[in-house]
2 protein chains.
Amino acid sequence: MKRSASPDNPEISDAQLMFDVLNEIGIISQLSRALLESRLQDGLTQQHFGVLNHMVRLGDGCTPLEMARAFQVPKTSMSHTLAGLEKRGLVTMQPNPHDGRGKLIYLTDAGRELRSSAISAIAPDVIAMIPQFGRDDANAALPLLRKLRVLLDEAR
Amino acid sequence: MKRSASPDNPEISDAQLMFDVLNEIGIISQLSRALLESRLQDGLTQQHFGVLNHMVRLGDGCTPLEMARAFQVPKTSMSHTLAGLEKRGLVTMQPNPHDGRGKLIYLTDAGRELRSSAISAIAPDVIAMIPQFGRDDANAALPLLRKLRVLLDEAR
DNA sequence: CTTGTATGGTTCGATATCGTACTATATTAT
DNA sequence: ATAATATAGTACGATATCGAACCATACAAG
């Protein structure tokens, strides 16, 4: 049962397919955020966790702007997220010695510990999904997702 | 490649793979939301568009709770989204004749028109991506995404 | 050195998100 | 019929998001 308004133009149906993909992605993002935040305490958000996790994995001492780009959010949103982390004592912000305008973000011990316990808190949920969506599925999905992300990034 | 006390344990690395998938999905969701909202006017959000689009495609006369479930958001968030649509004259809310507690949501002509013009506004961006991410990629990605969504839905 | 412009970051205001608590109606058990 | 419980939806408050405007420093041109 196709929509009758337009003839079955391949460009339209391909675009519809893309909408469907993005729609699924939006719902998955919503669900995974809700699941993660249900495992975090103290009102920590996915964004807070993501920043801590990123710095543990790729090293700290990065700038707020680098962080904003890594998560593809406006710098003003990242500024707010970092203020929340600093207020909770999970990161510290130092002036950038090479750029008087800039700051550098460093993890505190509390930040590293919180990230670890958050990982422990969410791991059972993730591991429970692996029998249904394991290595093969993930390895099939990742290149497609990366390609889509790069395209969307370029389309900005 | 040793499997020792250190965390190169298959369960852990599979979990890491899952984190990577969800991370990509989060960024894609962020990017596609930003792109869509940059094409909408009057402060319309992705959520507003999503609700209109859903009703055009699957029929209106649904309840707020059905909408909240379709988008996997809390009912209180959907309540707010619907209030925004009603305030803009894009939907109307009627009492549900079969349930004195409930309401039914209907598209207005303005709502249908707005959805059409939003589709037109975003279509060029989507079509521009098709040479890079077309039917084959979308058809490969969709079943994986649907499976992941169902899993996350069940894990709630 | 001054001036113009670009860049890193914050402030502010409008709106979105969502948990808690609440109201009203429906359903179920007795 | 009544009481207990469940469900649809809203009100409210705390926090998140993000664009516009802003400040400070950096950099480039003359």
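We use all heavy atoms of the structure for the numbers below, so side chains are in, but hydrogens, waters and symmetry mates are not. We name chains A, B, ... by the order of the sequence lines, and we start the count at 1 in each one.
Inter-residue side-chain proximity for A/Val21 and A/Leu144 is flagged as unmet; no heavy-atom pair is nearer than 4.5 Å.
Side-chain atoms of A/Gln72 and A/Arg156 include a donor-acceptor pair closer than 3.5 Å. For the residue pair A/His80 / A/Ser77, no side-chain donor-acceptor distance below 3.5 Å is found, with atom types taken as modelled.
If you check every strand for non-hydrogen atoms under 4.0 Å, B/His48 touches sugar and phosphate atoms only. Contacts of B/Gln30 with the nucleic acid, taken as non-hydrogen atoms under 4.0 Å apart, involve only primed sugar atoms and P, OP1 or OP2.
Rounded to whole Å, atom C1' of D/dA6 lies 12 Å from atom CG of B/Asp99. The CE atom of B/Met67 sits 11 Å away from the P atom of D/dG9 (whole-angstrom rounding). Computed from coordinates, the B/Gln47 CD to D/dT17 C1' distance equals 14 Å when rounded to whole Å. One interatomic measurement links the two molecules: CD of B/Gln46 to C1' of C/dT17, which rounds to 13 Å at whole-angstrom precision. Distance, A/Leu40 CG to C/dG19 P: 13 Å, rounded to whole Å. If you take NZ of B/Lys87 and P of C/dA14, they are 12 Å apart, rounded to a whole angstrom. The nearest whole Å value for the distance from the CD atom in A/Glu37 to the C1' atom in D/dA14 is 14 Å. The distance between atom CZ of A/Arg69 and atom C1' of C/dT7, rounded to the nearest whole Å, is 10 Å.
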Q) Stepwise, does the side-chain contact (heavy atoms from CB on, under 4.5 Å) test hold for B/Asp20 with B/Glu24? A) CA-CA 6 Å; B/Asp20 291 346; B/Glu24 284 296 334; 5.9 Å; no
Q.
Would B/Leu22 and A/Ile28 count as a side-chain contact (heavy atoms from CB on, under 4.5 Å) here? Give the steps.
A. CA-CA 8 Å; B/Leu22 294 176; A/Ile28 291 169; 4.0 Å; yes
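For A/Pro74, whose side chain is taken as the heavy atoms from C-beta onward, the closest listed nucleotide among C/dA16, D/dC18, D/dT17 is D/dC18.
Nearest-nucleotide positions on DNA chain C place B/Thr45 closer to the 5' end than the other of B/Thr45 and B/Gly100.
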Polar pairs (N or O, both sides) under 3.5 Å between protein and nucleotides 9-13 of chain C?
residue: C/dG9; atom: OP1; partner: A/Lys103; partner atom: N; Å: 2.9
residue: C/dG9; atom: OP1; partner: A/Lys103; partner atom: O; Å: 3.2
residue: C/dG9; atom: OP2; partner: A/Leu65; partner atom: N; Å: 2.9
residue: C/dG9; atom: N7; partner: A/Lys75; partner atom: NZ; Å: 2.6
residue: C/dG9; atom: O6; partner: A/Lys75; partner atom: NZ; Å: 3.1
residue: C/dT10; atom: OP1; partner: A/Lys103; partner atom: NZ; Å: 2.9
residue: C/dT10; atom: OP2; partner: A/Ser79; partner atom: OG; Å: 2.5
residue: C/dT11; atom: O4; partner: A/Thr76; partner atom: OG1; Å: 3.3

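For A/Lys147 (side chain) and B/Gln132 (main-chain N/O), a donor-acceptor pair under 3.5 Å exists by modelled atom type.
Interatomic distance, B/Ile27 CD1 to B/Ile25 CD1, rounded to the nearest 0.5 Å: 11.0 Å.
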